[in-house]
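This report refers to the structure that appears directly beneath it.
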Amino acid sequence: MPFIIFAPKFGDFVSETRVRFAPSPTGYLHVGGLRTALYNFLFARKNNGKFILRIEDTDRNRYVEGAVENLIESLKWCGLDYDEGPDKAGEFGPYMQSQRLDIYKKYADDLIAKEHAYFCFCTPERLQTLKEEQAAQKLPQAKYDKHCLSLSKNEIEDKLANGIPHVVRLNVILNQKIIFDDIIRKRVEFESNNVDDQVLIKSDGYPTYHMANVVDDHMMQISHVIRGEEWLSSTPKHVLLYDFFGWEKPIFAHLPLLLNPDRSKLSKRQGDVAVEDYRAKGFLKEALVNFVALLGWNAGNDKEFYYMNELIESFSLERVNNSGAVFDFEKLNWINAEHLRKKSNEELLTLLKFEIENSELRIENYSDSYLLQIIDAMKERVNFVKEYLTKSPYFFEAPTEYEEASRLKNWKPETPEQLVVLKNKFTQLNNPSKEDYETVLKQAASELNISAGKLIHPLRLALSGISTGPGMYDLLFILGKGEVINRINTALNTLR
RNA sequence: GGCGCGUUCGUCUAGUGGUCCAGGACGCCGCCCUCUCAAGGCGGAGAUCACGGGUUCGACCCCCGUACGCGCUACCA
């Protein structure tokens with residue numbers, strides 16, 4: 001009598017929302033991982049639940065020094081604070097799987113006792129041969145042949161006693177349907193005949209993901225498993241495990257993948273994938289979070305600009321899409337610029353000072369009030385904080401060379417004498433305001449019988465060395481009379 | 001190959017049987033504003049809703065099939 005294995009439905013009562021982000025520490029936080037972590041975080045916060053960080057470090061071959069610290073650093077930078085984790089004790093720790101080996105061992109023994117799992121002593125060579133044979137026979141699918149399931153108790157004890165390397169395998173029962181409901185995929189159905197006798201405990205004594213994940217999610221009382229779509233295919237193994245243990249299953253939600261422009265799974269080959277890369281490039285955490293949140297989710301309206309608290313407010317798993325999303329850098333740039341423009345000048349000041357400290361400039365050369373003026377003047381013109389330095393370097397250092405195109409276009413033979421007229425007028429000003437500069441410049445233009453533009457363009461070139469920037473009177477005022485006159489003189493000497 | 005998931009403008013998406021010969025956003029193009037560059041405003045190009053069958057008075061929306069894409073198929077997660 002085949003039994004049908006069922007995961008709980010969406011509406012089933014769950015006492016407390018507890019979700020986890022469970023990355024393996026491979027070196028850095030991938031933006032796909034960020035999205036998974038974010039959705040978990042948003043879901044937890046929205047439902048007044050707990051967000052847990054668990055490190056899945058059960059593959060000793062993949063251990064990377066400092067990876068966990070790096071992961072945590074990135075997570076925290078993004079504002080994803082977890083309630084329990086490796087460095088934040090909770091009542092369900094430890095939160096590093098490598099520190100829970102005895103637990104997995106105990107539950108594996110449990111399963112073996114109930115004959116839902118068994119020792120397997122097959123060598124890698126036999127497994128390899130088996131696979132090749134099955135391929136040669138054109139079997140629809142390669143699976144372990146349950147060879148070691150038929151070992152007698154004595155044989156097993158004998159091999160164990162002799163220290164023969166072994167693993168523990170899941171004993172999948174044939175001819176059953178494994179059905180579960182996924183919030184995003186709806187009902188998903190598998191045949192148990194297509195499920196392999198997965199290794200649960202490796203020969204080095206470490207559990208595989210499948211084993212550790214189920215045991216931990218149960219012990220940590222995880223209510224919802226929100227993870228990437230790449231796990232959907234192995235979910236039947238997990239469902240089987242919950243059932244064999246007699247445990248209540250969590251509610252599953254498998255997230256669509258993040259893709260490269262060519263629609264393959266987002267990878268390092270085609271650009272930056274690590275959160276730290278984006279951070280280094282100068283993206284605001286608010287922008288990265290906002291952008292990534294929208295990759296696969298929307299509230300059902302046209303809103304695209306979100307702060308974290310707004311995301312928490314409107315997030316729901318039901319509104320997560322089911323198809324992969326291409327990571328579009330152009331749109332990330334745009335959302336970054338949006339967030340930057342919405343920041344107060346004071347916030348930008350902090351960011352800009354940080355940027356200056358990390359540049360070759362000396363922070364003590366610039367007062368807060370001076371920087372604030374630059375921020376105000378350039379705010380609409382920068383997409384990154386560092387662009388205050390790269391797009392308007394002339395606020396920090398006088399130009400030493402002049403843009404050729406602008407020189408050809410705006411620096412005419414008559415320009416020098418006209419600028420001298422203007423300069424003389426500037427010289428006579430006493431503590432000039434923006435309006436004073438404007439009045440005087442227009443006066444000069446009028447006296448010279450030329451348009452203001454004829455003065456403005458070469459003046460801009462003289463003051464900034466380039467042809468783009470804030471309004472001329474802002475530029476004059478920020479630089480100040482003395483600097484303005486110096487720069488005009490320098491230009492007059494350089495560009496004849 | 002097997003199993004699973006998916007498929008609306010280039011990209012992110014809205015859309016839950018009639019209001020859609022499909023709306024918004026990014027990007028692109030044009031105009032306005034203007035001392036430059038931006039920002040902003042206005043407008044434009046851009047999707048036979050993957051394809052083919054059904055169901056229905058009526059399908060982007062429901063069903064079936066096909067194609068294509070992606071994922072999994074490890075003693076990796």
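Letters go in sequence order (proteins before strands), and every chain restarts at 1.
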Do A:Asn383 and A:Asn336 have side-chain atoms, one donor and one acceptor, less than 3.5 Å apart?
no

Under 4.0 Å between any heavy atoms, over every strand shown, what does A:Gly471 touch: base, sugar-phosphate, or nothing? Just pick one.
base

Pick base, sugar-phosphate or nothing for A:Pro25, based on heavy-atom distances below 4.0 Å to the nucleic acid.
nothing

Ion pair present between A:Lys249 and A:Asp243, side-chain N to carboxylate O less than 4.0 angstrom?
yes

Considering only the P atoms, how many Å lie between B:G18 and B:C60, rounded to the nearest integer?
11 Å

For B:A74, the Watson-Crick or wobble partner whose two distances fall under 3.5 Å
none

Under-4.0 Å side-chain N/O to phosphate OP1/OP2 contact, A:Lys303 with B:A14:
no

Heavy atoms only, 4.0 Å cut-off, all strands: where does A:Ser467 land among base, sugar-phosphate and nothing?
base

Can you confirm if the aromatic rings of A:Phe315 and A:Trp297 lie within a centre distance of less than 6.0 Å?
yes

Decide, yes or no, whether a salt bridge links A:Lys331 with A:Asp328 under the criterion of side-chain N to carboxylate O below 4.0 Å.
no

Of all the nucleotides listed (B:U36, B:U13, B:U11), which has the minimum atom distance to the side chain of A:His457?
B:U36

For the side chain of A:Asp328, counting heavy atoms from C-beta on, which of B:U36, B:G10, B:C72 is nearest?
B:G10

Which nucleotide sits closest to the side chain of A:Tyr209: B:G6, B:G24, B:A77?
B:A77

Taken to the nearest whole Å, CZ/A:Arg227 to P/B:G71 is 17 Å

Hunt down the Watson-Crick or G-U wobble partner of B:C68, both distances under 3.5 Å, from any strand shown, or write none.
B:G6

Base, sugar-phosphate, or nothing for A:Val195, non-hydrogen atoms under 4.0 angstrom?
nothing

Nearest-nucleotide check on RNA chain B, A:Ile456 vs A:Lys237; residue mapping nearer the 5' end is A:Ile456

Between A:Asp57 and A:Ser24, is there a side-chain donor-acceptor contact under 3.5 Å, judged purely by atom types and distance?
no

What's A:Thr58 touching, base or sugar-phosphate or nothing? Going by heavy atoms closer than 4.0 Å.
sugar-phosphate

Look at all strands and tell whether A:Asn321 reaches a base, only sugar-phosphate, or nothing, counting heavy atoms closer than 4.0 Å.
sugar-phosphate

Measure from the side-chain heavy atoms of A:Glu338 and tell me the nearest of B:C35, B:U7, B:G40.
B:G40

Once you apply a heavy-atom cut-off of 4.0 Å, does A:Val167 come out as touching a base, just sugar-phosphate, or nothing?
base

Whole-Å distance separating the NZ atom of A:Lys391 from the C1' atom of B:C37:
8 Å

Output the rounded distance in Å from CE (A:Met472) to C1' (B:C37).
12 Å

Whether the A:Lys146 and A:Asn171 side chains hold a donor-acceptor pair (N or O, under 3.5 Å, no angle test) is what I'd like checked.
yes

Measuring only the C1' atom in each nucleotide, how far is B:G23 from B:C49? A whole number of Å is fine.
13 Å

Looking at every strand, decide which applies to A:Pro23 at a 4.0 Å heavy-atom threshold: base, sugar-phosphate, or nothing.
nothing

Counting side-chain heavy atoms from C-beta on, which of B:A77, B:C35, B:C37 comes nearest to A:Glu230?
B:A77

Suppose we call a contact any N or O donor and acceptor under 3.5 Å apart; does that hold for the side chain of A:Arg263 and the base of B:C70?
no

Please measure how far the P atom in B:G43 lies from the corresponding atom in B:U48, and state the result in whole Å.
25 Å

Which is true for A:Glu191 with a 4.0 Å heavy-atom rule: it touches a base, it touches only sugar-phosphate, or it touches nothing?
nothing

What is the separation between atom CH2 on A:Trp334 and atom P on B:G10, rounded to the nearest whole Å?
20 Å

Tell me what A:Ser24 touches on the nucleic acid: a base, only sugar-phosphate, or nothing, going by heavy atoms under 4.0 Å.
sugar-phosphate

Measuring from the side chain of A:Trp231 (C-beta onward, heavy atoms only), which nucleotide among B:C75, B:A77, B:G6 has the closest atom?
B:A77

Whole angstrom value for the distance that separates C1' of B:A74 from CG of A:Asn213:
16 Å

Regarding A:Ala452, tell me which of base, sugar-phosphate or nothing describes its non-hydrogen contacts under 4.0 Å with the strands shown.
nothing

Complementary nucleotide of B:C42, counting Watson-Crick and G-U pairs under 3.5 Å:
B:G30

B:U19 pairs with which nucleotide, Watson-Crick or G-U wobble, both distances below 3.5 Å?
none

Find which nucleotide of RNA chain B each of A:Pro470 and A:Pro261 is nearest to by heavy atoms, and output the residue with the more 5' nucleotide.
A:Pro261

Would you mind reading off the distance between A:Leu461 atom CG and B:C37 atom P, rounded to a whole angstrom?
15 Å

Rounded interatomic separation in angstrom, taking CG from A:Leu294 and P from B:C26:
12 Å

Roughly how far apart, to the nearest Å, are B:G40 and B:C51 at atom P?
36 Å

To the side chain of A:Ser203, which of B:C75, B:C35, B:G15 is closest?
B:C75

Write down the distance between CG (A:Asp474) and P (B:A39), rounded to a whole number of angstrom.
17 Å

Name the nucleic acid region contacted by A:Lys131, choosing base, sugar-phosphate or nothing; use a 4.0 angstrom heavy-atom cut-off, strictly under.
sugar-phosphate

Assigned partner base of B:C62, Watson-Crick or wobble definition, under 3.5 Å
B:G54

Does a side-chain N-to-carboxylate-O contact under 4.0 Å join A:Asp181 and A:Arg187?
yes

Side-chain-base donor-acceptor pair under 3.5 Å for A:Arg185 and B:C5:
no

Can you tell me the base-pairing partner of B:C37? Count Watson-Crick or G-U wobble geometry only, both distances below 3.5 Å, and say none if there is no partner.
none

Name of the residue among A:Trp334, A:Phe327, A:Phe305 meeting ring pair (Phe, Tyr, Trp, His ring centres under 6.0 Å) with A:Phe291:
A:Phe327

Taking the six-membered ring for Trp and the single ring otherwise, decide whether the centroids of A:His238 and A:Phe180 are under 6.0 Å apart.
no

Roughly how far, to the nearest 0.5 Å, is the CZ atom of A:Arg35 from the CG atom of A:Leu29?
12.5 Å

Of all the choices, B:C75, B:C35, B:C3, which nucleotide is nearest to the side chain of A:Asn194 once you look at every atom?
B:C3

Is a donor-acceptor pair below 3.5 Å formed from side chain A:Lys331 to base B:A25, judging by atom type as modelled?
yes

Counting side-chain heavy atoms from CB outward, which of B:G40, B:G4, B:U13 is closest to A:Phe190?
B:G4

Looking at the side chain of A:Leu295, which of B:C12, B:C5, B:C76 is the nearest nucleotide?
B:C12

Please report the distance separating the C1' of B:C62 from the corresponding atom of B:A25, rounded so that it comes out in whole Å.
30 Å

